K.L.:
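After the structure tokens below, expect a handful of questions from me.
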Amino acid sequence: MRNLSLDNITEAASSSFAGLTDPRRRHLVQTLVVALHNYAKDVQLTHDEWRDALAFLHRTAAMTHDSRSEFSLLSDVMGLSSLVDLLGSAPGATPGSVLGPFHTAGSPWRDNPVNLIGSNAGHPVVLRGQVCSVDGQPLPGATLDYWQNAANGLYWQIDPSQPSDNLRCRLKVDTEGCFEMATVRPVPYQIPTDGPVWTDLVQPAGRSSWRAAHAHVIVAAPGCRSLVTEIFDAEDPYLDNDAVFGVREALIGEFKPTTDASLCQRLGLGGDTCLVMQLDLRLAALPAAD
Ligand code: BEZ
Ligand code: FE
């Protein structure tokens with residue numbers, strides 16, 4: 001390859017990856033090379049700008065390790081994580097939303113209905129719902145993997161005062177596909193503001209650091225595509241400018257007072273009334289095997 005020019009360098013760089021044997025990987029890499037070249041041409045990228053961008057990526061790498069990924073945060077604040085979630089959402093199914101950095105594999109199995117409140121401060125609430133297929137058939141084999149932050153805004157991983165299994169659990173739905181969970185109302189919290197993603201990119205853009213209050217859930221059922229999603233509180237002030245673009249209309253539920261005293265009692269909440277959000281979750285079937 002010599003005599004490379006603006007006219008042929010993109011084709012040369014892209015076809016240099018033709019030897020990648022996995023066809024999907026080859027497609028991903030070659031298409032990325034073309035997209036990056038087109039971007040540089042579109043914006044007429046200068047040498048200084050290219051070096052600045054690399055320096056930013058170096059700073060991002062320096063803040064990335066086993067328990068913290070500044071690269072994930074970069075993907076989140078650029079809306080890329082949410083775009084991938086939306087691309088993976090099946091028609092008719094509950095849309096996916098960001099996994100975020102605070103999922104812990106192997107949460108304790110708890111009996112359904114469950115009360116996760118323990119010694120947590122905050123406002124007691126009930127989350128309940130039914131897991132169904134896209135055509136409304138209950139999925140009694142479904143499981144939930146649930147986690148949320150505490151009343152101080154923090155997840156257990158970054159708050160030594162919380163026990164390590166605080167406000168998280170796995171749960172089997174009942175024979176009707178239903179679940180009930182007493183917990184504390186999730187509160188809004190800020191994305192990390194001590195790294196280059198915030199200081200060099202998000203803050204200079206005048207954007208908010210706040211995530212709308214949410215709970216996370218991974219829903220799985222035999223024969224269905226697993227769903228990684230979030231549940232949002234309709235009264236939250238940050239629904240319209242969530243820092244990581246996680247909010248979808250179908251994921252917003254309202255906490256409403258109930259007078260169903262038996263529900264409050266079943267979940268071990270004192271009194272005859274409590275705030276309840278009903279949010280049903282729909283899973284798409286797995287594609288049929290060839
Ligand atoms: C979260 O949902 O916990 C989260 C998502 C993206 C960045 C930071 C936190
Ligand atoms: Fe979160």
Side-chain angles (χ1 to χ4, degrees), residues 59-61 63-89 94-105 107 116 120 122-123 125 127 144-159 162 164-170 181 183-203 205 207-219 226-248 250-253 255 277 279 281:
R59 292 194 293 282
T60 301
M63 291 290 279
T64 296
H65 44 80
D66 282 353
S67 54
R68 162 87 183 262
S69 174
E70 191 76 354
F71 276 114
S72 300
L73 186 61
L74 179 58
S75 164
D76 296 339
V77 301
M78 291 208 147
L80 180 62
S81 312
S82 273
L83 173 63
V84 173
D85 290 333
L86 291 170
L87 287 170
S89 296
T94 300
S97 184
V98 269
L99 174 68
F102 296 117
H103 175 248
T104 311
S107 280
L116 295 178
N120 282 279
H123 301 287
V125 290
L127 288 175
L144 305 186
D145 185 347
Y146 178 91
W147 69 107
Q148 67 160 89
N149 63 355
N152 62 2
L154 303 177
Y155 287 83
W156 71 268
Q157 293 93 333
I158 50 172
D159 181 2
Q162 293 180 44
S164 65
D165 57 0
N166 200 32
L167 296 172
R168 65 184 176 101
C169 71
R170 285 181 289 171
M181 188 183 299
T183 184
V184 290
R185 196 169 185 159
V187 297
Y189 63 90
Q190 290 172 284
I191 59 168
T193 55
D194 57 348
V197 168
W198 171 252
T199 50
D200 300 354
L201 201 59
V202 182
Q203 186 183 40
R207 279 175 49 178
S208 160
S209 56
W210 288 90
R211 285 228 59 201
H214 59 271
H216 295 267
V217 65
I218 300 176
V219 194
S226 294
L227 171 70
V228 179
T229 196
E230 299 180 282
I231 296 168
F232 292 91
D233 177 347
E235 287 178 31
D236 189 86
Y238 300 106
L239 287 176
D240 291 313
N241 54 352
D242 179 42
V244 302
F245 308 97
V247 182
R248 334 255 175 261
L251 303 178
I252 303 174
F255 285 112
M277 181 194 290
L279 205 113
L281 299 159

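Both counts, for ligands and for their atoms, begin at 1 and track the order of listing. Every value quoted in this text rests on a predicted model; they were computed, and no experiment measured them.
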K.L.:
Hey, which atoms in ligand 1 end up nearer than 4.0 Å to a heavy atom of F102?
P.N.:
3 (O)

K.L.:
Looking at every heavy atom in both I191 and A243, which two are closest together, and how far apart are they?
P.N.:
CG2-CB, 4.0 Å

K.L.:
With a heavy-atom distance limit of 4.0 Å, tell me whether N149 approaches ligand 1 through its side chain, its backbone, both, or neither.
P.N.:
neither

K.L.:
Mind running side-chain contact (heavy atoms from CB on, under 4.5 Å) on V98 and R211 for me, showing each step along the way?
P.N.:
CA-CA 11 Å; V98 269; R211 285 228 59 201; 3.6 Å; yes

K.L.:
Tell me: protein heavy atom nearest atom 1 (C) of ligand 1, and distance?
P.N.:
Y189 OH, 2.5 Å

K.L.:
For F71 and A61, which heavy atoms make the closest approach, and how far apart are they?
P.N.:
CE1-CA, 3.6 Å

K.L.:
Would you confirm whether S75, through its side chain, and L80, through its main-chain N or O, come within 3.5 Å as a donor-acceptor pair?
P.N.:
no

K.L.:
Check ligand 1 against L73 and write out every atom of the ligand that is under 4.0 Å from a heavy-atom position of the residue.
P.N.:
7 (C)

K.L.:
Under 2.8 Å from the Fe ion (ligand 2), is there an N/O/S atom belonging to Q148?
P.N.:
no

K.L.:
How far is atom 2 (O) of ligand 1 from its nearest protein heavy atom, and which residue and atom name does that atom have?
P.N.:
R211 NH1, 2.7 Å

K.L.:
Which atoms form the tightest heavy-atom contact between P196 and M63, and what is the distance?
P.N.:
CD-CG, 3.7 Å

K.L.:
Any atoms of ligand 1 less than 4.0 Å from a non-hydrogen atom of Y155? List them with their elements.
P.N.:
3 (O)

K.L.:
Does the Q162 side chain pair with the main chain of L154, one donor and one acceptor, at a distance under 3.5 Å?
P.N.:
yes

K.L.:
Can you label the angle between the Y189 ring and the F102 ring as parallel, tilted or perpendicular, going by 30° and 60°?
P.N.:
perpendicular

K.L.:
Judged on heavy-atom distance to atom 9 (C) of ligand 1, which of P192, G246, P101 sits nearest?
P.N.:
P101

K.L.:
When you draw lines from the Fe ion (ligand 2) to OH of Y155 and to NE2 of H216, what angle lies between them, to the nearest 10°?
P.N.:
90°

K.L.:
What atoms of ligand 1 come closer than 4.0 angstrom to any heavy atom of H216?
P.N.:
1 (C), 2 (O), 3 (O)

K.L.:
Is Y189 close enough to the Fe ion (ligand 2) to have an N, O or S atom under 2.8 Å?
P.N.:
yes

K.L.:
D236 and H214: side-chain donor and acceptor closer than 3.5 Å?
P.N.:
no

K.L.:
Less than 4.0 Å is my threshold; does some heavy atom of D76 fall inside it relative to ligand 1?
P.N.:
yes

